[in-house]
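For reference, the structure is listed below as structure tokens.
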Amino acid sequence: MNINIIITESIIYIIVAIITGYLLKDEELKKIKRIILIFYLIIGIAVYSVLYFIILSAGVLLVSILVLKYFSE
């Protein structure tokens with residue numbers, strides 16, 4: 001494992017976690033936010049490519065936006 005890949009993925013994870021936390025900041029969405037971030041962490045550990053990790057991160061943000069839109073209606 002390359003240390004640069006670990007640092008890059010960690011920075012991306014922190015940024016995505018902050019954005020997801022901001023999007024799903026309502027009290028009723030906290031459980032869903034935790035589940036999304038736990039699965040993101042578990043799946044992210046198995047990914048060794050930065051490109052796949054970025055695609056996974058985009059998917060997590062998309063799921064967060066869809067959850068927000070679903071529960072805001």
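Evaluation of the salt bridge (charged side-chain N to carboxylate O under 4.0 Å, His left out) rule for K25 yields no partner, not counting sequence neighbours. In this structure, the side chain to side chain contact (heavy atoms under 4.5 Å, CB included) partners of I11, at least two apart in sequence or on a different chain, are I7, I15. With sequence neighbours excluded, no residue forms a salt bridge (charged side-chain N to carboxylate O under 4.0 Å, His left out) with E28. Judged as a side chain to side chain contact (heavy atoms under 4.5 Å, CB included), and not counting sequence neighbours, the contacts of S49 are L51, Y52.
Y70 and V63 fall within a single hydrophobic cluster, where Ile, Leu, Val, Met, Phe, Trp and Tyr side chains are chained together by heavy-atom contacts under 4.5 Å. Using a 4.5 Å cut-off between side-chain heavy atoms of Ile, Leu, Val, Met, Phe, Trp and Tyr, with links allowed through other members, F71 and L62 fall into different hydrophobic clusters.
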Please tabulate, for the side chains in residues 31-47, all donor-acceptor contacts under 3.5 angstrom to protein atoms that are two or more places apart in sequence or on a different chain.
| unit_1 | atom_1 | unit_2 | atom_2 | d |
| --- | --- | --- | --- | --- |
| Y40 | OH | S57 | OG | 2.5 |

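Here the CD-CG distance, from E9 to N2, works out to 10.5 Å after rounding to the nearest 0.5 Å. The OG atom of S72 lies 11.5 Å from the CD1 atom of I65; values are rounded to the nearest 0.5 Å. Considering CD1 of I19 and CG of L24, their distance stands at 11.5 Å, rounded to 0.5 Å.
Summarising the geometry of L68 relative to L23, their closest heavy-atom pair is CD1-O, 3.3 Å, with the distance given to 0.1 Å.
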